[in-house]
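This report concerns only the one structure given below.
Given the structure is predicted, the values throughout are model-derived calculations rather than measurements. Note: hydrogens, waters and symmetry copies are ignored here, and every other heavy atom, side chains too, is used. Counting starts at 1 for both ligands and their atoms, in listed order.
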Amino acid sequence: MSVVQDSPVLDPYDYGFQDDPYPVYAWLRANEPLHHNPVLDLWALTLHADIAEALRTEGTYSNSYGVAIERSAWGPEAHKVMSILGMDPPRQKRLRSLVSRGFTPRRVHDLLPRIQELTDRYLGECLEMGSFDWIADFAGRLPMDVISEMMGVPEEDRAEVRRQADVVVHREDGVYDVPPAGAEASLWLVGYYLDMVAERRRKPTDDLTSALIEAEIDGERLTDDDVIAFLFLMVVAGNETTTKLLGHAAFHLTRHPDQHDLVFGGAGDTDLVAPWVEETLRYDTSSQLLARYLLRDVELHGRVAPQGAKLLLCLGSANRDEAVFGRPDEYDITRDADELARILSFGGGRHFCLGANLARLEARVALTALVERAGSIEVDHEACRRVHSVNVRGFAVAPMTVVPR
Ligand code: HEM
């Protein structure tokens with residue numbers, strides 16, 4: 001953590017902060033809940049109550065500059081690649097209700113057999129190996145293939161789409177803006193989706209892409225640019241976040257042998273999978289920081305963040321707030337369900353994660369299959385490697401060994 005006058009400064013680019021942001025959050029919650037980093041001119045809220053309020057408040061905390069602070073991502077053009085995530089009402093509300101029609105609970109539920117099939121295939125390969133990388137061999141594959149399935153990317157193209165999507169989100173250590181390879185891969189994906197949209201306009205199918213093209217409210221339909229931006233948002237918002245959730249689930253459970261035994265000890269009893277997923281979302285969420293552009297001054301805790309400021313909502317801190325969660329720094333899958341219902345990992349209010357049901361379904365299917373097929377799992381914690389990223393928190397590498405049932 002960076003230190004100015006003995007007080008921690010929240011610096012999302014700092015490796016120390018990325019490795020363990022929680023002590024900085026705890027200090028800020030106790031001492032400076034509306035924080036300012038003067039070097040980056042970056043403001044931050046860390047209390048659960050303030051963040052929950054900001055997510056619900058209209059007309060102050062704007063998404064119109066996007067949610068990522070990287071130089072090339074921040075600004076009024078953000079909606080071009082972030083779609084509704086980079087917009088405010090009323091446009092966000094209208095577009096969100098259009099895309100929601102292609103994203104109904106039934107459409108998500110219909111994916112279940114395919115999620116199961118993909119899980120069985122990839123997990124089968126892992127079990128055959130015995131020792132493998134949980135990220136490269138499983139958690140990094142499932143979410144993108146599920147998104148491709150939703151969008152209607154044909155089976156034979158999926159490996160290449162997944163490869164390009166990986167390049168889009170990959171960052172080498174110390175590189176904080178979009179590298180040329182990432183920009184190229186983005187262009188490749190945009191071109192690929194453009195062809196897919198054109199094809200669907202000629203010949204509609206029953207996938208999400210066709211549903212988006214056909215969705216209509218008060219006579220308004222989505223343009224090609226709207227559809228592409230939304231498909232792109234799905235890759236960015238729904239891919240890495242879910243991979244990182246699966247990575248954290250395995251990592252944290254195996255760091256607590258008593259809890260590992262609770263989950264894996266029975267004869268494949270999977271009741272604890274859902275609370276395992278929820279506690280992982282609380283304890284170490286993959287989407288830690290959401291940026292907002294202030295449309296007016298915000299006065300809180302005796303200081304003012306000015307209109308035009310860049311302000312972070314620290315979701316990872318809200319989930320550790322002692323005012324809401326008992327023993328917040330303990331990982332406990334038997335935690336009270338009422339407490340877990342208050343996690344802010346999927347945001348809240350008008351931008352509440354559209355993929356929350358899907359992410360939970362994927363995680364539950366994947367981890368249920370793991371519990372059913374493995375008698376125990378072991379993760380080599382020393383060999384795990386975190387990604388250094390401003391936006392997502394999670395592992396790039398997590399070596400795992402599985403003893404089959
Ligand atoms: C563990 C996995 C996930 C986490 C932690 C997560 C987290 C979030 C968060 C915090 C937001 C709110 C952003 C804001 O308020 O500015 C959000 C929005 C969104 N997420 Fe997720 N997400 C996950 C998985 C997914 C998946 C699987 C999809 C779709 C395939 C998805 C699609 C979206 C979309 C479309 C939005 C934008 C909603 C809007 O702006 O109205 N997410 N997500």
Side-chain angles (χ1 to χ4, degrees), residues 45 51-52 54-57 61-69 73-74 78-79 81-104 107-108 111 115 139 142-151 153 165 208-209 212 226-227 229-249 277-278 280-293 311-316 318-319 343-367 391-394:
L45 288 174
I51 294 169
L55 289 167
R56 277 194 309 267
T57 302
Y61 301 89
S62 168
N63 276 56
S64 62
Y65 275 44
V67 296
I69 63 168
W74 179 253
H79 64 93
V81 281
M82 285 192 192
S83 181
I84 51 175
L85 194 53
M87 292 176 194
D88 291 335
R91 188 166 157 72
Q92 180 261 351
K93 203 167 164 213
R94 266 210 324 275
L95 263 178
R96 182 173 163 117
S97 72
L98 277 178
V99 296
S100 299
R101 295 183 175 199
F103 223 93
T104 57
R107 196 169 275 279
V108 170
L111 283 168
I115 297 174
L142 181 70
M144 189 59 216
D145 283 3
V146 171
I147 289 170
S148 285
E149 176 80 30
M150 280 185 100
M151 295 175 176
V153 173
L208 177 62
T209 307
L212 292 174
D226 291 334
V227 175
F230 186 74
L231 295 181
F232 213 78
L233 167 62
M234 300 259 290
V235 173
V236 176
N239 182 18
E240 264 211 310
T241 44
T242 314
T243 297
K244 304 295 183 270
L245 165 61
L246 290 169
H248 279 147
V277 172
E278 297 305 305
T280 304
L281 281 165
R282 183 197 72 82
Y283 184 77
D284 209 4
T285 191
S286 39
S287 185
Q288 293 267 323
L289 307 167
L290 297 176
R292 293 294 191 260
Y293 174 74
L311 176 140
L312 292 174
L313 305 177
C314 303
L315 303 181
N319 287 345
I343 59 171
L344 293 182
S345 312
F346 292 113
R350 62 184 179 276
H351 287 280
F352 181 79
C353 177
L354 213 43
N357 287 336
L358 177 61
R360 286 184 159 123
L361 184 68
E362 284 178 53
R364 287 177 194 176
V365 169
L367 297 177
N391 301 310
V392 285
R393 177 170 168 75

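At distances below 3.5 Å, not a single donor-acceptor pair connects side-chain atoms of H351 with backbone N or O atoms of G86. At least one donor-acceptor pair closer than 3.5 Å links the side chain of N63 to the backbone N or O of L85. Of the possible donor and acceptor atoms, one in the side chain of R350 sits under 3.5 Å from a partner among the backbone N and O of T57. The closest donor-acceptor contact from the side chain of S97 to the backbone of R94 lies under 3.5 Å.
Among all non-hydrogen protein atoms, the one lying nearest atom 29 (C) of ligand 1 is F103 CZ, 3.7 Å. Distance from atom 37 (C) of ligand 1 to its nearest protein heavy atom, with residue and atom name: L85 CD1, 3.9 Å. Looking at atom 38 (C) of ligand 1, its nearest protein heavy atom turns out to be R96 NH1, 3.3 Å.
Counting atoms of ligand 1 from 1 in the listed order, those under 4.0 Å from a heavy atom of S286 are 5 (C). Atom numbering of ligand 1 starts at 1 in the shown order; those under 4.0 Å from a heavy atom of L358 are 30 (C). Counting atoms of ligand 1 from 1 in the listed order, those under 4.0 Å from a heavy atom of M234 are 29 (C), 30 (C). Remark: ligand 1 atoms within the under-4.0 Å shell around heavy atoms of L315 are 10 (C). Close approach to N63 involves these atoms of ligand 1, each under 4.0 Å from a residue heavy atom: 16 (O). Applying the 4.0 Å criterion to heavy atoms of S345 picks out, from ligand 1, the atoms 5 (C), 7 (C), 10 (C). Applying the 4.0 Å criterion to heavy atoms of V67 picks out, from ligand 1, the atoms 16 (O). Close approach of ligand 1 to R350 is summarised as follows: ligand atoms under 4.0 Å from at least one heavy atom of the residue are 41 (O).
Remark: ligand 1 and E362 share no N or O pair separated by less than 3.5 Å (distance only, no angle test). Residue H351 places at least one N or O, backbone or side chain, under 3.5 Å from an N or O of ligand 1.
With a heavy-atom cut-off of 4.0 Å, L233 touches ligand 1 through its side chain alone. For R292, every heavy-atom contact with ligand 1 shorter than 4.0 Å involves the side chain, none the backbone. At a heavy-atom distance under 4.0 Å, only side-chain atoms of L290, from C-beta outward, approach ligand 1. Counting heavy atoms closer than 4.0 Å to ligand 1, residue Q92 contributes side-chain atoms (C-beta onward) but none from N, CA, C or O.
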Would L344 and N319 count as a side chain to side chain contact (heavy atoms under 4.5 Å, CB included) if you check the C-alpha gap in whole Å, the side-chain angles of each, and the deciding distance to 0.1 Å?
CA-CA 6 Å; L344 293 182; N319 287 345; 4.1 Å; yes
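Distances under 2.8 Å from atom 21 (Fe) of ligand 1 pick out the protein N/O/S atoms C353 SG.
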